[in-house]
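Read through the structure below, which is laid out as structure tokens, and then see the notes.
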There are 2 protein chains.
Amino acid sequence: MDSRYSSMTVKPDTRTLIMDIAEKAVLEKGFEATSIDEIVVAAHISRGGFFYHFKDKNALARALIERYIDAENALFDDIFGRARELNDDPLHAMLIGLKLLAEMLDDLPNGHPGCVIAAAAYQDRLFDRGVREMNRRAILGWRARFRAMFEEIAKVYTPREPLDLNALGDMVSGVVEGAIVLQRVLGERQTVSAQIMQLRTYVKLLFAPPMQMDH
Amino acid sequence: MDSRYSSMTVKPDTRTLIMDIAEKAVLEKGFEATSIDEIVVAAHISRGGFFYHFKDKNALARALIERYIDAENALFDDIFGRARELNDDPLHAMLIGLKLLAEMLDDLPNGHPGCVIAAAAYQDRLFDRGVREMNRRAILGWRARFRAMFEEIAKVYTPREPLDLNALGDMVSGVVEGAIVLQRVLGERQTVSAQIMQLRTYVKLLFAPPMQMDH
DNA sequence: ATCGAACTGTACCGAGAGTCCACTTGACCG
DNA sequence: CGGTCAAGTGGACTCTCGGTACAGTTCGAT
């Protein structure tokens, strides 16, 4: 999200501008620490202009989270789609996908930018039922998505330990969210990708036939 | 932390009372969403009384995080100490420890209460360098602690995949932090323990000799 | 020309953080 | 018994921030 407007159209699209500025600030400092005044100044608009686009801060948060979820889903579609094209075997596709994900994060100059859902999770005053329900559905969506992928793998490979498919499905989002927290605190750029690679090793060991396994 | 005062001594210890009330609120709603007025009312003291004990909100946050880190370290000491008593083998001790941790969390009526470090990680306005440095040292401490345990395991068992010991050491805190985020969003009580059990399976597969392995 | 979407600017409100300070209360101490 | 000090009370005030209200402006499309 994303150019409805081509790079040609120089239309600033104030709403998007506000969201871009707000997202950056929110990921840096959190929702509550990000003041409307600060956004307004950075966007070179008036307070009235802000409230023209968003009825309150909650509406902004809602829009940010919605956009974030869409972007994340598009990213997963892209990465695991490409992985599947590279190797039709579901296990190998998963392993390739996780590696692609880790590599993509390593290429970002400052590591993973952070997750607005997690930012919201620890700051409840601001958020109404609607926002919380959106977050819930996003996390459940990722659980279902990865669960389905693991189910496919389990059709082909016998797992070496009993599977808890929901927990396994949650593990991708969980490991990423956790690693983001560590990264924020430690200030180390590669924390998230390193944790994803650990998860990859787990998946590999969980399904790979006991002895050999190349990729 | 903890009864410096025995259960007999009915001394209210206002400072501790404030911290207990604040911690509960912070874990529910976040630091910024927790107002001093609200704490003051719940503690039946005056605003002046609050500022007598903490020069500002930052000082309160600092005290909460400090106490949290100490408690968490004490918990790890206890759990992995007991695990080591039950089985002297470092791998088995680790597996038992992780299971004890998961079981302990399952016994809590509302799951893991949340982590004030993560709560701070996404709300930066409030915190000075001192708080951030404290958090950093805590996370690095846990990395070192678990890293050392994995190193001990690796002396006895040949890992089935190359080890990234720092990433492995971070994995315990990472998985827990991530699972807490999921738990907060989903409202499911067992998310954290389920994720810890996944981590346990990973450790088991990573070090266990290829074929047999009971526990 | 004119209409409406996208603003600007100002004035105002209430909540919450934080400061200052003068005053009280109760325990212990000599 | 009087003094002292930690642990408060309570009120007045300042500033920032979210949010409301609303009157007026700018500008592109029809």
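Below, chains carry the letters A, B, ... as their sequence lines are ordered, and counting in each starts from 1.
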Sugar-phosphate means primed atoms, P, OP1 and OP2; the rest is base. With that split, encode nucleotides 8-24 of chain D 5' to 3' as B, S or - using protein heavy atoms under 4.0 Å. SB--------BBB----

Parallel, tilted or perpendicular, as decided by the 30° and 60° cut-offs, for the rings of B:Phe207 and B:Phe150: parallel

So which heavy atom on B:Leu64 is nearest to which on B:Ala22, and how close? CD1-CB, 4.1 Å

In terms of side-chain heavy atoms, does B:Asn73 have a donor or acceptor partner in B:Trp142 at a distance below 3.5 Å? yes

CD of A:Glu66 to CG of A:Asn135, rounded to nearest 0.5 Å, is 10.5 Å

To the nearest 0.5 Å, tell me how far B:Leu60 CG sits from B:Phe31 CZ. 7.0 Å

